[in-house]
Novice: 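I am attaching a structure below and will ask some questions about it afterwards.
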Amino acid sequence: MTNNEFVLQGTPSISQELLDKTPIVTTNYQLKTAGFWVRFWAFVLDGIIISAVIGIAINPIFYLMDWSMSESVWYAPMSIISAIFYYSYFVLMTKFWGQTLGKMAFGLRVVSLKNDKLKWSDVLFREWIGRLISNIVMPLYIFVAILPDNQGLHDFFADTIVVHEKVFVAKENAQVIAQPAPTTSIQETVQEPEKVEEKPEES
């Protein structure tokens, strides 16, 4: 390389590097989880429905058969039949429709966090084992109000959540992707002018 040839090499400026790190913001829409009070009123409505069905369908049978309708102990016939109907109602409605009548009235649905559809194991853990424990220790239902995604103890057992069917919330995720800045090179070559030989003057 001659003295008149030179090469300029360098990296982009700081402002260029900042431009290369462009934040990408993606917005995901998810079904809104149901809070404590709306689930509470749905549960109350389910309790009223269950009591009404037992009063209409089961009590007359006990009257006709002259059976005792006392529920003073858990092993009393009326207590056992009521319990079977109670848990069967929640298990079957949740498995086949994903919601009880009370949840239908308030636009709520039970969804699984690990499967596309609720499996029998999910429903049994949630509506039988988990609900049985929560019914024995009623204050455990308060978990719905304080835990993330409004999960109750029975939701933890089955890995489920309760959501509003037609209410969505937006969650934005910002991610900065740093792209490697290419090394730029500027090369400029200056060539020397050609020398012209001078011819001697003829005398």
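The basis for the numbers below is simple: all heavy atoms, side chains too, and nothing from hydrogens, waters or symmetry mates.
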Novice: Would you call the rings of Phe43 and Tyr86 parallel, tilted or perpendicular if under 30° counts as parallel and over 60° as perpendicular?
Specialist: perpendicular
Novice: Between Tyr89 and Leu101, what is the shortest heavy-atom contact and its length?
Specialist: OH-N, 3.2 Å
Novice: Indicate if Phe156 and Leu140 have the same hydrophobic cluster label, given that clusters are the connected sets of ILVMFWY residues with side-chain heavy-atom separations under 4.5 angstrom.
Specialist: yes
Novice: Mind checking whether Lys95 and Trp120 have side chains closer than 4.5 Å, heavy atoms only?
Specialist: yes
Novice: Looking at Arg39 and Asp155, is there a salt bridge between them, counting it only when a charged N and a carboxylate O are closer than 4.0 Å?
Specialist: yes
Novice: Does Val169 share a hydrophobic cluster with Leu108, counting links as ILVMFWY side-chain heavy atoms below 4.5 Å and allowing steps through other members?
Specialist: no
Novice: Compare every heavy atom of Gly152 with every heavy atom of Val144, then report the nearest pair and how far apart it is.
Specialist: CG2-CA, 3.6 Å
Novice: Within a strict 4.5 Å, meaning less than it, do heavy atoms of the Val91 and Arg126 side chains meet?
Specialist: no
Novice: Does Val162 reach the side chain of Asn150, with side-chain heavy atoms less than 4.5 Å apart?
Specialist: no
Novice: Indicate if Val53 and Ile56 have the same hydrophobic cluster label, given that clusters are the connected sets of ILVMFWY residues with side-chain heavy-atom separations under 4.5 angstrom.
Specialist: no
Novice: Are Leu132 and Val123 connected into the same hydrophobic cluster when the rule is that any two of I, L, V, M, F, W, Y join if their side-chain heavy atoms are below 4.5 Å apart?
Specialist: yes
Novice: Show your working on side chain to side chain donor-acceptor pair (under 3.5 Å) between Thr33 and Asp149 and close with a plain yes or no.
Specialist: CA-CA 6 Å; Thr33 56; Asp149 295 327; 5.0 Å; no
Novice: How about Phe90 and Arg131: do any of their side-chain heavy atoms sit closer than 4.5 Å?
Specialist: yes
Novice: Compare every heavy atom of Gly55 with every heavy atom of Pro60, then report the nearest pair and how far apart it is.
Specialist: CD-O, 3.5 Å
Novice: Determine whether the aromatic ring centres of Tyr141 and His154 lie less than 6.0 Å apart.
Specialist: yes
Novice: Hey, are Lys114 and Asp122 close enough for a salt bridge, meaning a charged N less than 4.0 Å from a carboxylate O?
Specialist: yes
Novice: Evaluate the side-chain proximity of Met104 to Trp97: yes if any heavy-atom separation is below 4.5 Å, no if none is.
Specialist: yes
Novice: Between Leu153 and Ser134, what is the shortest heavy-atom contact and its length?
Specialist: CB-OG, 4.0 Å
Novice: Is there side-chain contact between Ile81 and Ile84, with heavy atoms separated by less than 4.5 Å?
Specialist: no
Novice: Report whether Leu64 and Ile54 are members of the same hydrophobic cluster (ILVMFWY, side-chain heavy atoms less than 4.5 Å apart, transitive linking).
Specialist: no
Novice: Parallel, tilted or perpendicular: which one describes the rings of Trp37 and Phe40, with boundaries at 30° and 60°?
Specialist: perpendicular
Novice: Work out which heavy atom in Ala105 is nearest to a heavy atom in Leu45; give both atom names and the distance.
Specialist: CB-CD2, 3.6 Å
Novice: Can you check side-chain contact (heavy atoms from CB on, under 4.5 Å) on Phe168 and Lys32, steps first, answer last?
Specialist: CA-CA 5 Å; Phe168 291 84; Lys32 182 181 178 181; over 6 Å; no
Novice: Can you name the closest pair of heavy atoms from Phe157 and Gly130 and give their distance?
Specialist: CD1-CA, 3.6 Å
Novice: Are the side chains of Ile161 and Leu113 in touch, meaning some heavy atoms are under 4.5 Å apart?
Specialist: yes
Novice: In the structure I gave you, are the side-chain heavy atoms of Lys103 and Val110 within less than 4.5 Å of one another anywhere?
Specialist: yes
